[in-house]
Amino acid sequence: MADLRIEKGKATRDRLIEAGRALFGAHGYEDTSIGAILEAAGVTRGSLYHHFETKEALFDAVLDRVVAEIADTAAQAARAAPDPVTSLRAGFAAWLEMALDPGVQRIALLDPPAVVGWTRWREIDEKHILGGLRASMRRIADQGRLPPGDVDLFTHMLLAAVNEAALLIARAKDPEEALATGQAAVDALLDRLITDTPGR
């Protein structure tokens with residue numbers, strides 16, 4: 001009986017997150033009402049507040065899920081690449097492609113600073129993305145193409161640079177053109193940061 005209640009609670013929480021995701025992505029945080037979320041999820045106000053104390057808390061959970069999906073998509077693209085540098089390029093390209101999606105833009109890029117704050121936004125980013133990026137950078141350092149002592153610093157710098165490129169896409173009048181510009185800039189950064197010849 002207890003297991004059934006737990007599963008039912010998880011299902012309700014998932015419905016709320018999915019409803020929040022659809023509405024926050026379509027309308028933004030400010031223009032999404034609690035009533036609209038309840039109607040879309042098909043749950044009561046009491047059920048919502050059992051799982052999330054505030055609308056902000058629900059947005060936090062939605063943001064966490066979307067960033068996890070971004071990380072998973074980037075990781076899948078990276079795994080298909082033959083070497084760690086090509087892997088980085090493929091992962092970054094996948095993330096920038098996702099930044100064309102208006103829902104991803106609102107949830108993962110435009111609304112978080114005002115809703116959850118920069119510190120929490122960065123925590124979620126680092127929770128899902130930083131570890132895999134750091135592992136790729138370590139593999140590159142192991143090849144002698146990057147100073148080992150610079151791995152952590154450059155990992156943080158690259159994450160920030162790619163996020164800024166994604167923001168550029170999200171705010172652009174011509175997102176496709178911004179995607180090409182952002183991708184070229186990230187590639188140029190990697191070209192300058194990582195040597196072609198081990199040990200140089």
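Throughout, numbering of the chain's residues begins at 1 and tracks the sequence.
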query: According to the ring-ring contact (aromatic ring centres under 6.0 Å, His included) rule, which pairs have a member within residues 123-172, sequence neighbours left out?
result: none
- request: With sequence neighbours excluded, give me every ring-ring contact (aromatic ring centres under 6.0 Å, His included) pair touching residues 32-58.
  value: none
message: I'd like to know if the side chain of W121 and the backbone of A108 have a donor-acceptor N/O pair within less than 3.5 Å.
response: yes
Side-chain (R15) to main-chain (A41) donor-acceptor, under 3.5 angstrom: yes
So, taking the atom named [atom1] in [X] and the one named [atom2] in [Y], what distance separates them when rounded to the nearest 0.5 Å?
X	Y	atom1	atom2	answer
L100	E176	CG	CD	5.0 Å
D125	D64	CG	CG	10.5 Å
T181	I169	OG1	CD1	9.0 Å
I37	I34	CD1	CD1	4.5 Å

field: Residues L190, L158; criterion side chain to side chain contact (heavy atoms under 4.5 Å, CB included); working and verdict
entry: CA-CA 9 Å; L190 288 173; L158 275 175; 3.9 Å; yes
Closest contact, heavy atoms only, [X] versus [Y]:
X	Y	answer
L193	L146	O-CD1, 3.7 Å
G20	V62	C-CG2, 4.0 Å
R106	A26	NH1-O, 3.3 Å
A74	A94	CA-CB, 4.0 Å
E56	V115	CD-O, 3.3 Å
P148	A141	CA-CB, 4.1 Å

Are [X] and [Y] joined in one hydrophobic group, where the rule is that I, L, V, M, F, W and Y side chains link up if heavy atoms are under 4.5 Å apart?
X	Y	value
L96	L167	yes
F92	L130	yes
L168	W118	no
V151	L189	yes
I107	L110	yes

query: For Q183, which residues count as a side chain to side chain donor-acceptor pair (under 3.5 Å) partner, sequence neighbours excluded?
result: D187
message: List the residues meeting side chain to side chain donor-acceptor pair (under 3.5 Å) with K10, not counting sequence neighbours, and say none if there are none.
response: none
- prompt: Under the salt bridge (Lys or Arg N to Asp or Glu O under 4.0 Å) rule, what pairs show up with a residue in residues 147-175, not counting sequence neighbours?
  reply: R134-D152
So do [Y] and [X] actually touch side chain to side chain, heavy atoms under 4.5 Å?
X	Y	result
I140	D83	no
R89	D191	yes
F24	L58	yes

- request: Go through the steps to decide whether I124 and I129 satisfy the test side chain to side chain contact (heavy atoms under 4.5 Å, CB included), and finish with yes or no.
  value: CA-CA 8 Å; I124 292 173; I129 297 172; over 6 Å; no
task: With side chain to side chain contact (heavy atoms under 4.5 Å, CB included) as the test, would you mind laying out the steps for M137 and L88 before giving the verdict?
output: CA-CA 8 Å; M137 296 292 280; L88 271 186; 3.8 Å; yes
- request: Starting from the C-alpha separation in whole Å, work towards a yes-or-no answer on side chain to side chain contact (heavy atoms under 4.5 Å, CB included) for L133 and V162.
  value: CA-CA 11 Å; L133 179 54; V162 176; over 6 Å; no
query: Should the heavy atoms of other residues, nucleotides or ligands under 6.0 Å from CD of E39 be counted, would the total exceed 12?
result: no
Donor-acceptor side-chain pairing of T119 and R122 below 3.5 angstrom: no
- prompt: Can you pull the side chain to side chain donor-acceptor pair (under 3.5 Å) pairs that have at least one residue in residues 16-37, sequence neighbours excluded?
  reply: E18-R65, R21-E69
